Amino acid sequence: KTIIRLEHISKVYGAGNTEVHALNDVNLTVEAGEYCAIMGPSGSGKSTAMNVIGCLDRPTSGSYYLDGEDVAKLSDEELAHIRNRKLGFVFQQFHLLPQLSALENVMLPMVYAGVPTKERKDRAAEALTRVGLANRLNNRPTQLSGGQQQRVAIARAIVNRPVVLLADEPTGALDSQTTQEVLEIFGELNASGITVVMVTHEADVARKTHRIIWFRDGQVLHDRLAPTDLAQA
Ligand code: ADP
Ligand code: ADP
């Protein structure tokens with residue numbers, strides 16, 4: 001089943017002299033259950049592609065089908081709904097609310113989705129358990145390490161059971177030990193069936209995924225299966 005289908009996607013910022021072609025006729029499909037890394041130099045269009053895939057931004061031209069749905073046909077309100085229900089987002093800088101506990105942070109997406117209060121708590125606790133934070137439910141972000149904060153953010157991203165988990169430099173603010181811990185969680189989530197698309201500039205991180213999509217000048221330059229750890233050994 002195809003989850004992400006970009007057909008001839010272009011994105012132009014500005015106009016006239018200041019026109020920037022951030023994406024230039026990109027074609028890309030991601031199947032259910034894939035684990036992909038997006039790599040490429042700064043300015044190559046990675047963030048723009050993630051913004052389109054994440055329904056945060058609309059392309060200038062081309063078609064985007066998310067889980068079979070033509071995104072261009074959706075209103076802004078419907079897009080917000082899809083972002084909340086079908087997509088989970090993880091960022092470099094965790095973006096947790098500092099005044100809320102881990103549990104409350106993870107409950108938030110369910111508030112917007114209209115999940116009943118009792119169920120919110122149970123599902124948030126379950127998501128936090130899944131990322132190894134069952135004993136940290138009531139801690140605030142400042143009481144957690146960077147890796148633990150990112151795990152809270154991952155729990156928040158999966159709690160509405162998204163079809164795709166989108167991560168933009170999720171290990172960019174973490175040391176190498178913590179990076180491995182966070183990658184282990186992404187690997188486990190993918191093994192359980194969640195499609196994962198992650199932007200990274202770290203080759204060691206990309207190598208843990210199953211497919212590396214390399215952008216340059218707003219286009220897909222290479223798209224190939226990542227070498228497995230086994231192949232490297
Ligand atoms: P990165 O290369 O780490 O993705 P960027 O600095 O390219 O970070 O972009 C960070 C954010 O700023 C992105 O959301 C991007 O869309 C936006 N951005 C990048 N370049 C410009 C620009 N020239 N004008 C306005 N916004 C920009
Ligand atoms: P990357 O994430 O690979 O660094 P981006 O998608 O952020 O690349 O940027 C691709 C190109 O589009 C860059 O030239 C960037 O400056 C430009 N760009 C990105 N966002 C904006 C924006 N909001 N306004 C103007 N230019 C932008």
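Order of listing sets the numbers, starting from 1, for every ligand and every atom in it. Nothing here was measured: the structure is a model prediction, and the numbers come from that model. Just so you know, residue 1 is the first one in the sequence shown, and it goes up from there.
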Open item on the list: Between ligand 2 and G218, can you find any atom pair, the residue atom being a heavy atom, that is separated by under 4.0 Å?
Closed with: no
TODO: For P41, take its heavy atoms, then give the atoms of ligand 2 lying under 4.0 Å from any of them.
DONE: 3 (O)
- [ ] Please say whether G43 places an N or O atom under 3.5 Å from an N or O atom belonging to ligand 2.
- [x] yes
TODO: Quick one: look at T48 and ligand 2, take heavy-atom pairs under 4.0 Å, and tell me if it's side chain, backbone, both or neither.
DONE: both
Open item on the list: Any non-hydrogen side-chain atom of P141 less than 4.5 Å from a side-chain atom of V152?
Closed with: no
Task: Salt-bridge present (R58, D76; N to O < 4.0 Å) - done: yes
Open item on the list: Let me confirm one number: the CD1-CG distance from I213 to D223, rounded to the nearest 0.5 Å.
Closed with: 5.0 Å
- [ ] Mind checking whether A49 contacts ligand 2 via backbone (N, CA, C, O), side chain (CB onward), both or neither, at a 4.0 Å heavy-atom cut-off?
- [x] neither
Open item on the list: As an exercise, identify every atom of ligand 2 less than 4.0 angstrom from a heavy atom of S47.
Closed with: 1 (P), 2 (O), 6 (O), 7 (O)
Task: Cationic N near anionic O, under 4.0 Å, K1 to D67 - done: yes
Open item on the list: Distance alone, cut at 3.5 Å: any donor-acceptor contact between the side chains of E184 and Q180?
Closed with: no
TODO: For G14 and ligand 2, answer yes if some heavy atom of the residue is under 4.0 Å from a ligand atom, otherwise no.
DONE: no
Task: CG on L137 to CG on N105, rounded to 0.5 Å - done: 12.0 Å
Task: Modelled atom types, side-chain donor and acceptor of Q93 and H95, under 3.5 Å - done: no
- [ ] Check the side chains of E169 and H201 for a donor-acceptor pair under 3.5 angstrom, ignoring hydrogens and angles.
- [x] yes
- [ ] Can you sort out which atoms of ligand 2 are near A22, meaning under 4.0 Å from one of its heavy atoms?
- [x] 10 (C), 11 (C), 12 (O)
TODO: State if G40 counts as touching ligand 2 under the rule of any non-hydrogen atom under 4.0 Å.
DONE: no
Task: G45-ligand 2 polar pair, N/O distance under 3.5 Å - done: yes
Open item on the list: Using a 4.0 Å cut-off to any heavy atom of S42, which atoms of ligand 2 qualify?
Closed with: 4 (O)
TODO: Pull out every atom of ligand 2 sitting under 4.0 Å from any heavy atom of S44, numbered as shown with elements.
DONE: 1 (P), 3 (O), 8 (O)
